[in-house]
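Quick notes on the structure that follows.
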Amino acid sequence: RSHPCFAFPDWAYKPESSPGSRQIQLWHFILELLQKEEYQGVIAWQGDYGEFVIKDPDEVARLWGIRKCKPHMNYDKLSRALRYYYNKRILHKTKGKRFTYKFNFSKVVLVNYPLLDMTLSSPSHPHLGCRILLWYRLKMKEM
DNA sequence: TTCGGAAACC
DNA sequence: GGTTTCCGAA
């Protein structure tokens with residue numbers, strides 16, 4: 001059921017793990033929803049490696065609005081925030097698939113561990129970032 | 001629907 | 001800096 005490569009270490013969900021901002025970030029929130037089975041009707045992993053579909057855009061926006069205390073949040077605004085992730089290489093759009101985006105797993109690590117940049121930059125090893133995420137999860141369990 | 005500029009907000 | 005808000009264009 002749960003793909004091992006879609007497992008993320010606990011720090012990936014903690015806002016305090018992102019240096020520079022103490023507020024929860026949207027991609028943290030997205031991962032948080034994807035992690036919980038109760039939201040599979042709203043947002044879920046689907047299709048290609050790292051790809052997810054927003055099945056209920058209005059509901060995701062509503063939940064995000066609650067979290068950020070922005071009662072007028074909607075999908076139009078939320079999706080603009082997601083588009084800002086394109087240049088940052090945290091996400092990209094899966095063209096042709098409605099409400100479908102794809103995580104760049106390597107970047108998820110890079111954001112939190114800039115020193116790993118060189119090891120993860122290789123486009124010829126797209127799964128390397130995932131393996132390192134799993135490795136960190138094991139490391140965190142040991143501590 | 002999706003995109004990205006521009007300005008505002010915190 | 002990371003959105004939020006607004007919006008014209010494709």
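Labels below follow one simple rule: chain letters A, B, ... track the order of the sequence lines, proteins then strands, and each chain is numbered from 1.
With the nearest nucleotide of DNA chain B identified for both A:Asn87 and A:Thr100, A:Thr100 has the one nearer the 5' end.
Rounded to whole Å, atom C1' of B:dT1 lies 11 Å from atom OH of A:Tyr86. Between the CD1 atom of A:Ile24 and the P atom of C:dT4 there is a distance of 11 Å, rounded to whole Å. In this structure, A:Arg67 places its CZ atom 18 Å from C1' of B:dC10, rounding to the nearest Å. Atom CG of A:Leu91 and atom P of B:dC3 are 11 Å apart (whole Å). Look at NZ on A:Lys77: it is 9 Å from P on C:dT4, rounded to the nearest Å. The distance between atom NE2 of A:His92 and atom P of B:dT2, rounded to the nearest whole Å, is 14 Å. Remark: C1' of B:dA6 and CZ of A:Arg80 are 9 Å apart, rounded to the nearest angstrom. A straight line from CG of A:Leu82 to P of B:dC3 spans 10 Å, rounded to a whole angstrom.
In this structure, of C:dT4, B:dT1, C:dT3, it is B:dT1 that holds the atom nearest to the side chain of A:Phe99.
When each of A:Val42, A:Ile54, A:Leu33 is checked for a side-chain contact (heavy atoms from CB on, under 4.5 Å) with A:Glu59, only A:Val42 meets the rule.
Between A:Lys70 and C:dT4, a side-chain N or O to OP1/OP2 separation shorter than 4.0 Å is absent. Between A:Trp64 and C:dT4, a side-chain N or O to OP1/OP2 separation shorter than 4.0 Å is present. Distances shorter than 4.0 Å separate none of the side-chain N or O atoms of A:Tyr84 from OP1 or OP2 on C:dG1. Using a 4.0 Å cut-off, no side-chain N or O of A:Gln23 falls inside it from OP1 or OP2 of C:dG2. Regarding contacts with the backbone of C:dG2, a side-chain N or O of A:Lys88 is found under 4.0 angstrom from either OP1 or OP2.
Contact annotation for A:Lys68: backbone-only contact, meaning every heavy-atom pair under 4.0 Å involves sugar-phosphate atoms and none involves a base. Within the 4.0 angstrom heavy-atom criterion, no nucleotide atom of any strand lies near A:Leu78. No engagement by A:Tyr101 is indicated, since no non-hydrogen atom pair under 4.0 Å with the nucleic acid exists.
In terms of heavy-atom proximity, A:Thr100 sits nearest to A:Lys93 at O-NZ, 2.9 Å. Closest approach of A:Asp76 and A:Arg83 over heavy atoms only: O-NH2, 4.2 Å.
Between A:Phe29 and A:Trp64, the ring planes are tilted. Angles from 30° to 60° get that label. Aromatic ring pairs are classed by plane angle as parallel below 30°, tilted from 30° to 60° and perpendicular above 60°; the pair A:Trp45 and A:Phe52 is perpendicular.
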